[in-house]
> 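Dropping a structure here in structure tokens format, bear with me for questions.
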Amino acid sequence: MARITPRHEDYSQWYLDVIREAELADYAPVRGCIVFRPYGYAIWENIQAAVDRRFKAHGYRNAYFPLFIPYSFIQKEKEHVSGFSPELAVVTIGGGETLEEPLVVRPTSETIIGYMYAQWIQSYRDLPLRINQWCNVVRWEKRTRPFLRTLEFLWQEAHSVFATYEEAEEEALRVLDLYTDFAVEDAAIPVVQGRKSEAEKFAGALRSYTIEAMMGDGRALQSATSHNLGQNFSRAFEIRFLDAQNQMQYAWTTSHGLSTRTVGAVIMAHGDDKGLILPPRLAPIQVIVVPIWKSDEERSRVLETCEQVRRMLGPEIRMEVDAREEYTPGWKFNEWELRGVPLRIEIGPRDVAERQVVLARRDQPGAPGKRVVPMEGLLDAVHETLSAIQADLYQRALAFHKAHTHYPETYDQLREAVADGFAWAWWCGSPECEAKIKADTTATNRCIPLEQPDGRGRCIVCNEPASEMAVFARAY
RNA sequence: CGGGGCGUGGCGCAGCCAGGUUAGCGCACCACGUUUGGGACGUGGGGGUCGUCGGUUCGAAUCCGACCGCCCCGACCA
């Protein structure tokens with residue numbers, strides 16, 4: 001029987017229990033690696049579809065670059081090599097023979113894509129160039145956690161090239177908006193858009209932008225990143241072009257990524273003690289139909305009605321009929337609630353006789369979430385209810401986010417704030433003050449939000465004048 | 001990689017301290033029957049070299065050592 005530790009008892013255990021019981025993933029025989037089971041992978045496929053659609057609308061095309069990167073490529077960009085060296089997986093033997101040059105299993109693809117871009121770009125007329133790839137990457141992390149941090153993970157990485165700094169900067173912010181739109185509209189998760197501090201930015205970036213989401217325990221999860229790489233990689237890989245004045249210029253590049261960690265974000269942002277709650281837009285099964293019967297005669301009538309419902313909803317709704325005979329309706333109710341299916345339709349003999357069905361919302365367990373609707377017009381009622389669930393999940397997450405967002409004015413208040421959620425505080429910008437907070441509280445500087453309050457303040461640590469607020473939080 | 005905890009059928013655990021016949025329990029699984037509007041019940045079954053390797057002993061799940069893995073708290077990170 002499904003056994004899920006209550007969140008208040010042990011949040012980490014709750015997270016792991018949900019993943020196991022909902023059959024999202026299982027541990028692989030290699031440390032730090034997971035198997036994406038079909039139900040978990042289906043969530044990722046829906047995330048992929050939602051993100052891919054947006055990238056294509058922004059002018060991106062998909063391509064695929066190799067898994068293996070020559071070791072020397074990683075070393076060409078100074079900060080990139082120091083940032084990624086500790087976590088590289090390196091292949092030194094191929095076909096039984098020691099390789100002349102070791103191959104890195106990509107931790108990210110700026111280098112190999114930069115190498116190719118250098119060959120493809122000659123003129124300003126070749127710009128802008130926007131390419132995205134869906135792939136796996138490997139980072140040899142010390143400490144792993146299913147979905148949130150695994151040795152191998154799946155993601156999309158988009159890489160673009162522009163003629164000017166301004167265009168690259170604009171792109172970094174545009175794609176950040178793209179991710180934000182996905183998070184809000186599809187994942188139903190509110191996020192803080194911001195800029196990473198120097199200490200937290202991507203290795204090799206001029207500037208990194210992030211969206212930070214709040215999990216159910218108040219901790220932050222960096223949910224997507226968008227980097228303005230400046231000319232760092234174009235200089236390292238000689239990505240140059242002739243401008244309209246026939247002058248040779250180094251290009252300006254950007255990169256952007258969103259990973260399978262997003263599956264973990266969905267689990268932790270919406271789940272409750274009964275298990276998963278999936279936003280309808282990302283749910284592999286949006287509607288589960290549970291038939292109820294006693295006699296064989298009732299069974300055939302009820303199942304016939306289920307098939308009518310399938311014909312009405314099937315073309316537009318991801319739905320299944322759970323006609324298994326070995327489980328009782330009550331068991332199925334709990335099972336599908338654990339798996340986070342947003343809407344359940346119950347159909348029994350009474351409903352068949354009345355030409356009606358019962359709709360039960362996952363996000364409102366028990367009687368309050370149930371209502372009887374006529375078969376006539378069922379498709380519209382289901383669409384409306386799914387939309388309402390999608391909207392309500394976002395509102396609930398937003399209310400939680402706000403309730404756990406604090407504006408401490410003293411260092412002691414900051415300590416208390418980061419124990420509960422996000423702390424917005426004035427920060428002078430110095431790495432020392434940032435490091436002190438991390439050392440004292442384990443909370444890190446998540447970002448400098450793009451939307452800043454008016455006025456100025458004094459640094460929460462050193463009391464020097466500060467022109468910007470930063471968000472501090474404990475993070476995954 | 002440091003600190004703490006834990007490895008016993010698929011899941012959750014007991015047994016270990018005080019070594020001794022066929023290693024138990026709940027759930028899950030298989031068969032049959034009765035059930036089915038919020039996790040049904042009966043009867044009968046199947047499944048474990050007790051994380052791995054080595055040591056002590058007449059005898060090891062139990063004692064000793066090493067290693068491996070997992071979880072939690074840190075340092076590192078999407």
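Throughout, protein chains are lettered first and strands after them, A, B, ... in sequence-line order, and every chain is numbered starting at 1.
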> Using a 4.0 Å heavy-atom cut-off across all strands, classify A/Gly257 as base, sugar-phosphate, or nothing.
nothing
> Would you say the base of B/G37 and the side-chain of A/Lys332 have a donor-acceptor pair closer than 3.5 Å?
no
> May I have the distance from A/Arg20 (atom CZ) to B/G12 (atom C1'), rounded to whole angstrom?
8 Å
> In whole angstrom, what separates A/Trp336's CH2 from B/G38's C1'?
16 Å
> Would you classify A/Gly32 as touching base, sugar-phosphate or nothing, given that sugar-phosphate means primed atoms plus P, OP1 and OP2, and contacts are heavy atoms under 4.0 Å?
sugar-phosphate
> What distance, rounded to whole Å, do you find between the two P atoms, one in B/A78 and one in B/G3?
27 Å
> I'd like to know if the side chain of A/Ser430 and the backbone of A/Cys433 have a donor-acceptor N/O pair within less than 3.5 Å.
yes
> With both distances under 3.5 angstrom, what nucleotide forms a Watson-Crick or G-U wobble pair with B/C53?
B/G65
> Any side-chain to backbone donor/acceptor pair from A/His270 onto A/Ala187? Under 3.5 Å, distance only.
yes
> Would you say A/Ser12 places a side-chain N or O within less than 4.0 Å of OP1 or OP2 belonging to B/C72?
yes
> Quantified in whole Å, what is the P atom distance between nucleotide B/C71 and nucleotide B/A60?
33 Å
> Do A/Glu21 and B/G12 share a donor-acceptor pair, side chain to base, under 3.5 Å?
no
> Answer yes or no: does a side-chain N or O of A/Tyr327 lie under 4.0 Å from OP1 or OP2 of B/C29?
yes
> Starting from P on B/U36, measure out to CG on A/Asp322 and report it in whole angstrom.
17 Å
> I want to verify a distance call: between B/C71, B/G37, B/A78, whose nearest atom is closest to the A/Leu16 side chain?
B/C71
> Measuring only the P atom in each nucleotide, how far is B/G51 from B/A14? A whole number of Å is fine.
13 Å
> What's the gap between B/A28 and B/G12 when it is taken at their P atoms, as a whole Å value?
15 Å
> Please say whether the positively charged group of A/Arg344, taken as NZ for Lys or CZ for Arg, lies over the ring of A/Trp336, i.e. under 6.0 angstrom from the six-membered ring centre and within 45 degrees of the axis.
no
> What distance, rounded to whole Å, do you find between the two C1' atoms, one in B/C53 and one in B/C68?
10 Å
> Using both distances under 3.5 Å as the test, list the Watson-Crick or G-U wobble partner of B/G48, or none.
none
> Whole-Å distance between B/G33 P and A/Asp296 CG?
12 Å
> When all nucleic acid strands are considered with a 4.0 Å heavy-atom cut-off, which category describes A/Glu212: base, sugar-phosphate, or nothing?
nothing
> Of all the choices, B/C77, B/G39, B/C71, which nucleotide is nearest to the side chain of A/Pro146 once you look at every atom?
B/C71
> Out of B/G74, B/G38, B/U36, which has the shortest distance to the side chain of A/Lys294?
B/U36
> Can you confirm if the NZ or CZ of A/Arg106 lies within 45° of the ring axis of A/Phe68 and under 6.0 Å from the centre of its six-membered ring?
no
> Tell me: CD of A/Gln13 to C1' of B/C11, nearest whole Å?
12 Å
> Would you indicate, yes or no, if B/C76 has its OP1 or OP2 atom less than 4.0 angstrom from a side-chain nitrogen or oxygen of A/Lys438?
yes
> Closest nucleotide of RNA chain B for A/Arg350 versus for A/Thr150: which of these residues is on the 5' side?
A/Arg350
> Of the nucleotides B/G38, B/A75, B/G37, which one has an atom closest to the side chain of A/Arg344?
B/G38
> For A/Asp10, answer base if it contacts any base atom (sugar-phosphate contacts may also be present), sugar-phosphate if it contacts only those atoms, and nothing otherwise; contact means non-hydrogen atoms under 4.0 Å.
nothing
> When the distance from CG of A/Asn334 to P of B/G38 is rounded to whole Å, what number comes out?
10 Å
> Counting any heavy atom closer than 4.0 Å, what does A/Val358 reach on the DNA or RNA strands: base, sugar-phosphate only, or nothing?
base
> Using whole Å, report how far CD1 of A/Ile288 lies from P of B/G39.
18 Å
> Phosphate oxygens OP1/OP2 of B/G74: is one of them under 4.0 Å from a side-chain N or O of A/Arg474?
yes
> Under 3.5 Å, is there a donor-acceptor pair between the side chain of A/Thr150 and the main chain of A/Phe147?
no
> When the C1' atoms of B/G15 and B/G9 are considered, how many whole Å apart are they?
16 Å
> Hey, could you give me the CD1/CD1 distance between A/Ile267 and A/Ile43, rounded to the nearest 0.5 Å?
6.5 Å
> Within the pair A/Thr328 and B/G39, is there a side-chain N or O less than 4.0 Å away from OP1 or OP2?
no
> Judged by each residue's nearest nucleotide on RNA chain B, which is more toward the 5′ side, A/Trp293 or A/Tyr476?
A/Trp293
> For A/Thr444, which contact category applies under a 4.0 Å heavy-atom criterion: base, sugar-phosphate, or nothing?
nothing
> When the distance from CZ of A/Arg31 to P of B/C67 is rounded to whole Å, what number comes out?
17 Å
> State the pairing partner of B/G24; accept Watson-Crick or G-U wobble contacts with both distances under 3.5 Å, and report none otherwise.
B/C13
> Could you tell me which residues satisfy ring pair (Phe, Tyr, Trp, His ring centres under 6.0 Å) with A/His80, sequence neighbours excluded, listed by chain and number?
A/Phe84, A/Phe202, A/Phe233
> Please pick, from B/C77, B/U36, B/G38, the nucleotide with the shortest atom-to-atom distance to any side-chain atom of A/Arg149.
B/C77
> Using modelled atom types only, decide if a donor and an acceptor are shared between the side chain of A/Glu157 and the backbone of A/Ser109 within a distance under 3.5 Å.
yes
> I want to check one thing: is the phosphate of B/C70, taken as OP1 and OP2, less than 4.0 Å away from some side-chain N or O of A/Arg145?
no
> Indicate the atoms forming the closest heavy-atom contact of A/Glu141 with A/Arg31, along with that distance.
O-NH2, 3.2 Å
> Would you classify A/Gln222 as touching base, sugar-phosphate or nothing, given that sugar-phosphate means primed atoms plus P, OP1 and OP2, and contacts are heavy atoms under 4.0 Å?
sugar-phosphate
> Look at the side-chain N and O atoms of A/Tyr27 and state whether any lies under 4.0 Å from the OP1 or OP2 oxygen of B/C71.
yes
> Mind checking who B/U43 pairs with, Watson-Crick or G-U wobble, both distances under 3.5 Å?
B/A31
> So what's B/C70 paired with, Watson-Crick or G-U wobble, going by both distances under 3.5 Å?
B/G5
